[in-house]
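One structure is given below, encoded as structure tokens.
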Amino acid sequence: MAFAPLDPVLHNQLRLAVVSLLVGVESAEFTFILERTGATRGNLSVQLTKLKEAGYIVVKKGYRDNYPLTTCSLTPKGMKAFERYVEAIKDYLRP
Amino acid sequence: MDPQLTPDQSLRIIQDMVLQAKKSFHRMSFYFLLWGVLLTLAMVAQLITATFSPGAEGVGWVIASVVGAIASGVHGAREGRREQVETLADRVLMWMWIGFMITLFGTMAGAGIAGYSTPVGSIMLLTGLPTFTTGQMLRFRPLIIGGVLFWVLGIISFHVDPVWVGILNIAGMVFGYIVPGYMLKRQEDGVRTA
């Protein structure tokens, strides 16, 4: 049986963690994602940019109390890709 | 080159992160403690004024509602600035409680203006709904029990004397709001420091 190819954008530890985190929330701040994934700032920024370029997330930059604030949320395209990825993973795990 | 993930690792990452997001409910205990104390005091005030100053029973409810609304608004705005994440459940809970407050205020104001006594039994039944639903959404049993308690006490209060209605209402506030609110606070503090 041929397995469906896994989405290369999501088939990465940190990017998959970010998208899985955003699936359960409306929006999340950069610092929240940083804490929950345990990633470094630099690596997280790079992976967020890749997800943004793929159209999977929206990154909003603004200010709160004069401090920069970055908020991320999943797009419908990102949600679809995540669902497809989970389905594909299930195929791989099926005995 | 990205390190290769096995399907098992992928699944574990997804499960871990979904669980992390699930733990991200906003803190709610403040509101249960605040409203529990305020409405208990309002009920005590109603019992006292009914004895010593009949006709002014509604004053305590109005003061409690105004103080509670202002304190909730200020606290909510402050917490909102601090929270790093918003879930759909947070939004549902917030709007359910705002809707409840409007209904509660409308019921009390409507009854007061029409010259009826405060419909405490109906208010208790009404209070059971958001309390029970919040308990189910947070999967927090003391609030679920609190919501059921409000419904039971609300039904009983239609069949007892006004003084007993007051006592039942105070019991509802203590065991439906204050005790679960305190237990929720302990749980939230534990989650936050974990």
Side-chain angles (χ1 to χ4, degrees), chain A residues 3-39 43 46-47 50 60 62-67 69-74 79 81-95, chain B residues 1-28 73-99 133-134 136-140 187-194:
Chain A
F3 291 113
L6 293 169
D7 183 342
V9 178
L10 291 181
H11 198 55
N12 162 279
Q13 190 166 345
L14 186 51
R15 290 196 293 269
L16 182 61
V18 170
V19 171
S20 303
L21 198 56
L22 292 178
V23 164
V25 303
E26 292 278 285
S27 63
E29 289 179 17
F30 181 87
T31 45
F32 176 82
I33 301 172
L34 195 68
E35 283 168 16
R36 300 303 156 112
T37 57
N43 191 14
V46 170
Q47 304 311 332
K50 286 187 182 175
K60 282 186 191 159
Y63 286 90
R64 186 168 65 195
D65 299 333
N66 292 326
Y67 288 98
L69 176 71
T70 303
T71 314
C72 304
S73 54
L74 202 62
M79 180 61 97
F82 179 75
E83 286 168 357
R84 270 199 306 267
Y85 183 86
V86 171
E87 281 306 311
I89 285 287
K90 277 191 204 163
D91 280 343
Y92 279 87
L93 292 171
R94 213 161 273 155
Chain B
M1 177 91 184
D2 292 334
Q4 273 301 304
L5 278 178
T6 66
D8 274 328
Q9 286 171 325
S10 295
L11 198 65
R12 209 169 312 125
I13 290 169
I14 293 168
Q15 284 172 337
D16 283 353
M17 288 301 119
V18 170
L19 201 68
Q20 290 283 340
K22 259 191 194 167
K23 286 184 193 164
S24 307
F25 275 106
H26 289 181
R27 288 171 71 98
M28 301 264 322
V74 170
H75 181 79
R78 199 181 295 163
E79 281 286 299
R81 276 201 299 273
R82 244 199 309 245
E83 295 295 348
Q84 297 176 314
V85 64
E86 185 184 43
T87 64
L88 179 63
D90 286 325
R91 266 201 319 164
V92 170
L93 283 176
M94 180 183 78
W95 286 111
M96 180 179 67
W97 279 98
I98 289 174
T133 311
T134 303
Q136 290 289 0
M137 289 186 78
L138 299 179
R139 291 196 179 92
F140 190 66
Q187 193 191 66
E188 288 169 348
D189 289 343
V191 166
R192 197 144 280 206
T193 53

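Within every chain, numbering begins at 1; the chains are lettered A, B, ... in the order of the sequence lines, protein sequences first and strands thereafter.
In terms of the side-chain hydrogen bond (donor to acceptor under 3.5 Å, both in side chains) criterion, residue partners of Glu26(A) (sequence neighbours excluded) are, by chain and number, Arg91(B). Applying the side chain to side chain contact (heavy atoms under 4.5 Å, CB included) criterion to Val46(A), with sequence neighbours excluded, gives Lys50(A).
Contact of Phe30(A) with chain B is not made at all, since no heavy-atom distance falls under 4.5 Å. Of the two parts of Asp16(B), neither the backbone nor the side chain holds a non-hydrogen atom closer than 4.5 Å to a non-hydrogen atom of chain A. Heavy atoms closer than 4.5 Å to chain B are found nowhere in Val19(A), neither backbone nor side chain.
Closest approach of Ile89(A) and Ser10(B) over heavy atoms only: CD1-CB, 3.6 Å. The two residues Met17(B) and Ala17(A) make their nearest non-hydrogen contact at CG-O, 3.3 Å.
Annotation: maximal heavy-atom pairing with chain B below 4.5 Å, among Val18(A), Leu21(A), Leu69(A), occurs at Leu21(A).
Rounding to the nearest 0.5 Å gives a distance of 8.5 Å between CD1 of Ile14(B) and CG of Leu10(A).
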